[in-house]
Amino acid sequence: MKKKTVEYGRYGIVFLVPFFLIFAVFQFYPLLYTIADSFVYTAKNGRQTVEAVGLGNYTNYIFGAAGNGEIWQAMLITIVMWLLNFIPQILLSLLLAAWFTDGQRKLKASGAYKAIMYLPNIITAATIAVLYFNMFDTHGPITSFLYKMNIIKSDGLLYSGWFSLGLIAFIQFWMWYGNTMVVLTAGILGINPSLYEAACVDGATSRQQFFKITLPLLKPILQYTLVTSAIGGLQLYDIPQLLNEGAPVVRVGENSVYSTRTVVMLIKQYVSNGSAQNFGRASAYSVVLFIVTLAISMIFYIATSEKKDKGR
Amino acid sequence: MKKKVLSALLSATLIVSMLAGCGNNNQPATGSSTPAPAQQGSSAPAVENNAAGGANVAPATDGWDDSKKIYAYSWDDDFGKKLNVVLDKYPQYKDYVEYVNLGMSGTDGKYQDAVDTAFTSGDKYPSLIPADNDVALWWAEDDDKTLDLASIGLTSDLMGDAYQFSIDYGTCNGKLKAVTWQGTPGSFTYRRDIAQEVFGVSEPADVQALVKDWDTFFDTAAKLKEKGYYIVSGPDDIKYPVFDGQTSAWVTVKDGAEYLTLDDSVNKYLEYSLKLYNEGLTNNTTAWSGEWFANMQGTGKVFGYFGTTWFMSLIYGQSHEGDTPSFGQWGAVTGPCAYHWGGTYVMVGKDTPNPELCAFLLYEMTCNAETMYDITVNTGDFVNNKTANANLVAAGDSVTLYLDGDKKDSITDLLGGQNPIQAWADAAPSISLKNLTYQDAKIKTVIDKAATSLWNGEYASVDDAIAFVKTEVQTQTGLIAE
């Protein structure tokens, strides 16, 4: 190729350098460091000990008896929490987005509704966790109300593990459905209106338009929402930590299960100072989380994009 | 395809960036000095003991320059308040002591990291290092960091007035490494007005009879419930007194391996708290929650709190709230059992530039009955000095204890004129710290979780809950549960 014009492309690379530099120093290096750390035993136990153990952290804590399967327990809880939040969230967001963009319905003050629905997302998660904790605490307004109406028989609502799990999933749902709705609305508005006009002329109902036009063309956006939500959901930490610190412990058969302990909370447990501090173990758990997150994202990514290719 | 690879790469980047973390956050020391004009030699009380080189001799400041300056570290301002009592007495040293308030939690590992960093780097070498008794052994057991106090003249013969538990705790491998100015005996702080209404008595001696042991405690709780009151705010309020009745350490070393050996106090705590919960004897709050604090106010229905010396300031803070303040309506008794809660020990950095001054300040703060009397009066603390406490008890109602040196907030008035030293002095000799281990804090958090689930009926029995504690502690800490 002969140069006839100024090659602007390479200036782009110059602009990319700062990002990759920062990425390398603050993200890529720590990642490699975490992986390296997962092969080392670094327990504090009163005094710092550092000892290379090879795959010891994996064989002992992840697949061995010493870890008591806690990482898998936490992983399952995290995934359940995410599913409980994501399924209703995507359905409601989709419905609202369809309503708000419907040319025939023309909802009044839809901007105001959108703003109100988006609001919970603006408040920091910590504030929301404290807010909900106070509402559902033993003498919180909601607990007191339900208790006095004889709907619940104990005022220790947050002592119940499955209730706490459901509550956290609900908080996540409530915080994020507005955000998802805005993203989906933007996606729907990006669809060529002439398709809808043509459908109208052909006599398609709203329902048909939604399932035959909106949904198929929205797939890339749905794919994006699914993948980012899965990544965020697997790394959930702030709300369960502040609400109940992973407790209450519930019994499932013979096992005791931390009903709201997510993987990141488990990792934090071994990173934070204290007698259980063990960087190697925390790093090994981080690596597991990384692999699972990557795998789930890839599965979603591949599953949804292949279908799209067939459609074209 | 290229695009696909690129976007896959980008999303991988995204995940990676979310994973990054796990740094070491050594907080830089935020200096807060104690600025005070030097009043050279204005009032240096004569020191009677003349043992040469002893810590009880006030060192002369002749020829001292900046290199003799020492830094006192702490996580909050509490140690500084006590230090100021000594420095007010000896103002000539004010220029040579700088207080570094790190402003963090004392039992948090961040404090350990911050002080450890200051040892090796920076120009403010930590000469005086206070530490909570949960973490003090970290430095006390380390001869590379702290020095043997006997080597700077703070010998055990000067400690004659100290309670035995403080000497036991501060002695590591036969060397005295840490001393304390305070004893933290617990008491049961009750509401006089509620006692008067339900039992017709309000004086400490009569109320002590109502809570003299756990059986009586539960009888009293039942009577309070009939009148719509709760004996304590939440089922976990009894944690500290019950755990302190511990008879053996929770971690024992056999053949180089560490075993988890829970004693009967854990059973007792779970049993008693379950009883409190099931019979509705408490207001069902969690310690340190907003509701828990609010129950200290005049409108609160809670009869009492288990709290130690420093607990008074918490009650003080709430006692003025509401239409009918609870101020002046409190009283302190020993309660069902003697216990302790917290306690700060002070160590001296090995390479301190001014060991004479460190030794003298610690002598004044932890051995001198006169100065320690002043500490109690000015800060409301219970001091680790039998003579000072005997004098305080003897002074009876004529002495007024204050929370702060400015003498505005009176503990004596909070307690309706009672001098609480007697209640604390009764409990102090029974304190034992011999069973403390470095894993206790972790084990206690697991017990907390087990207790919540036990109350909620997840566990059919106390034994089931304990079985969970054992497996979970073993999983988290590697201690071998038997």
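Just so it is clear, the values below take in all heavy atoms, side chains as well, and ignore hydrogens, waters and symmetry mates. In what follows, every chain begins at residue 1, and chains take the letters A, B, ... in the order their sequences are listed. Keep in mind that this is a model prediction, so the values were computed, not measured.
- Salt-bridge check for A:Arg281 with A:Glu70: passed, with a basic side-chain N closer than 4.0 Å to an acidic carboxylate O.
- If you measure heavy-atom distances from A:Tyr29 to chain B, you find no contacts under 4.5 Å at all.
- With B:Tyr259 as the aromatic partner, B:Lys254 meets the cation-pi criteria of under 6.0 angstrom to the ring centre and within 45 degrees of the ring axis.
- Proximity to chain A (any heavy atom under 4.5 Å) is shown, for B:Gln476, by both the backbone and the side chain.
- Defined by atom type and a distance below 3.5 Å, a donor-acceptor pair is present between the side-chain atoms of B:Ser273 and B:Trp455.
- Atom CG of A:Leu242 and atom CZ of A:Phe133 lie 10.0 Å apart (nearest 0.5 Å).
- Side-chain contact, A:Thr262 with A:Tyr237: no donor N or O sits under 3.5 Å from an acceptor N or O.
- Counting heavy-atom pairs closer than 4.5 Å to chain B, the top-ranked of the candidates A:Pro248, A:Ser256, A:Ala247 is A:Ser256.
- Of the atoms belonging to A:Tyr33, not a single heavy atom falls under 4.5 Å from chain B.
- Between B:Tyr111 and B:Trp139, the ring planes are perpendicular. Angles over 60° get that label, and only those under 30° would be called parallel.
- Interface residue B:Asn283: backbone and side-chain heavy atoms are both found under 4.5 Å from chain A.
- Per-residue counts of heavy-atom pairs under 4.5 Å with chain B were compared for A:Asn255, A:Val250, A:Asp137; the largest is that of A:Val250.
- In terms of heavy-atom pairs under 4.5 Å with chain B, the best-connected choice from A:Asn68, A:Val249, A:Asp37 is A:Val249.
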